Protein chains: 2
Amino acid sequence: MALGDAILACLTERPMTGYELAKTFDSSIGFFWKADHQQIYRELSKLRDRGHIQGREVVQSGKPNKLVYTLTPEGRTALRHWAARPSTPPSIKDDLLVRLHALDSIDVEPMRTDLMARLEHHRDRHANYERILKKRFPDGTAEGRLDLGNLLLLRLGARHEQMVADFCEEALEALSATSGKATVVPLEEGKREKG
Amino acid sequence: MALGDAILACLTERPMTGYELAKTFDSSIGFFWKADHQQIYRELSKLRDRGHIQGREVVQSGKPNKLVYTLTPEGRTALRHWAARPSTPPSIKDDLLVRLHALDSIDVEPMRTDLMARLEHHRDRHANYERILKKRFPDGTAEGRLDLGNLLLLRLGARHEQMVADFCEEALEALSATSGKATVVPLEEGKREKG
DNA sequence: GGCGCATATGCGTCAATGTGCATATGCGGT
DNA sequence: ACCGCATATGCACATTGACGCATATGCGCC
């Protein structure tokens, strides 16, 4: 039940609707955690049933009415209880790693293409973190406890992306050295499976 | 369908039984990917139904007979097809990050305890990666394509653990500076929820 | 002789997650 | 008039994952 707690954590900042939460999960927290709107609405219903959050309907014209969710005292307590439990270190579970493990049984060219795309992706995200860091923490220090948490969060994100980007570069270099050496028969076009 | 492909990737090395795969997922690949034996057996059944792997029963005395699974040509092709698709960058999804985001609504002491445990955990893993690297790649270079993949894999693992460990240290330092400042009422004993 | 352990495979259930589809409406473009 | 888009919420289904439990047997320990 981690997504529920992530939502509670978001609601400590300010009351939000499911729609807003979905957008939040598309930016700030969402850099670390992916969740689409259905997942969030479902979790919101559960949290409401448990009494951890309270919904207040706001009538709107031209748009559907919205439900603004607020943390209840029970919700705050639940969040604190959850945060007091030891965390479980997550595993990485990146397709890239599995492919590396079977590197001599797969085709190098798609792997190189993928590594290049990933390199760009992680560089973009890194730049994004750095941009936000410069904007929110120009002098690299935080004042309150909330700010401290977000500063640390952004720093971790930046470092992580930096590290993965470096890794992609290194892997590409290493692959260049052996490229075309033991390449298997190319895949026939039109036979590739899709996601 | 990523676990299935991870299993196919493992079977490129050598034929294995479900039991052996479970142990593999507890060590080498398992550093990045957690899967218990039930999950693996279920996935093996699916892969067998698809014709990606072939089971050969080996009669044993004293122990239950074992099923040694081998990659079929179809399985190899499926793995190559899968590896030719672009990978999706995974999200981090670490409880620690959620807690940091809500840092001013939770208790610091359990957070510090947790960070210390995590620091130890990631240091241990880092040491483990370094140990394996020194043993398998004493001069830091790989010969074949398979070795190259594993070298890169271990290097990524080592760097990742190093980075997270550094982060834990930094977070602990930063928390020390503010500790006891805005601490909320401590949780009552016996009221903590469990996993 | 009973207990736990390693070997070896598997079922059942539930929570978490992912994907597609449904509904309702105003606004701006073609 | 119709289409797509942003706003706003939600159901249904399938897959994946986590957890407990079941079965079968030989071996060493106390």
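Everything numeric in this text was worked out from a predicted model, so none of it was measured. Just so it is clear, the values below take in all heavy atoms, side chains as well, and ignore hydrogens, waters and symmetry mates.
If you take CD of Gln39(A) and C1' of dT15(D), they are 13 Å apart, rounded to a whole angstrom. Atom C1' of nucleotide dG10(D) and atom CG of Leu21(A) are separated by 15 Å, given to the nearest angstrom. In this entry the distance linking CG of Asp49(B) with C1' of dT15(D) reads 16 Å, nearest Å. In this structure, Leu3(A) places its CG atom 12 Å from C1' of dA15(C), rounding to the nearest Å. Per the geometry, CD1 belonging to Ile40(A) stands 15 Å off C1' belonging to dT19(C), to the nearest Å. The CG-C1' distance, from Asp36(A) to dT15(D), rounds to 14 Å in whole Å. A straight line from NZ of Lys34(A) to P of dG18(C) spans 11 Å, rounded to a whole angstrom. One interatomic measurement links the two molecules: CD of Glu43(B) to P of dA14(D), which rounds to 18 Å at whole-angstrom precision.
In this structure, the salt bridge (Lys or Arg N to Asp or Glu O under 4.0 Å) partners of Arg125(B), at least two apart in sequence or on a different chain, are Glu161(B).
The aromatic rings of Phe32(B) and Tyr129(B) lie parallel to each other, with less than 30° between the two planes, well short of the 60° mark.
With 3.5 Å as the limit, one finds a donor-acceptor pair spanning the side chains of Arg118(B) and His122(B).
DNA chain D is contacted by both Lys66(A) and Ser45(A); Lys66(A) maps to the nucleotide lying nearer its 5′ end (nearest heavy atom per residue). With DNA chain C read from its 5' end, the first of the two nearest nucleotides for Lys23(B) and Arg48(B) is the one closest to Lys23(B).
Tested against Tyr69(B), the residues Leu71(B), Thr72(B), Leu67(B) include a single side chain to side chain contact (heavy atoms under 4.5 Å, CB included) partner, Leu67(B).
A salt bridge links Glu169(A) to Arg123(A): one of the charged nitrogens lies within less than 4.0 Å of a carboxylate oxygen. Under the 4.0 Å criterion applied to side-chain N and carboxylate O atoms, Asp5(A) and Arg99(B) are not assigned as salt-bridge partners.
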When you compare the protein's N or O atoms with those of nucleotides 22-24 of chain C, which come within less than 3.5 Å of each other, and at what distance?
none

Next item on the list: I would like to know whether Arg159(B) and His126(B) meet side chain to side chain contact (heavy atoms under 4.5 Å, CB included); could you show each step before the answer?
Entry: CA-CA 8 Å; Arg159(B) 273 190 226 170; His126(B) 179 258; over 6 Å; no
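Within the 4.0 Å cut-off from OP1 or OP2 of dA16(C), not a single side-chain nitrogen or oxygen of Lys93(B) is found.
Nearest nucleotide to the side chain of Tyr41(B), out of dT9(C), dA6(D), dT17(C): dT9(C). Of the candidate nucleotides dA6(D), dA18(D), dG18(C), dG18(C) has the atom lying nearest to any side-chain atom of Arg42(A).
When heavy atoms are screened at a 4.0 angstrom cut-off, Thr17(A) is found touching the sugar-phosphate backbone but no base atom.
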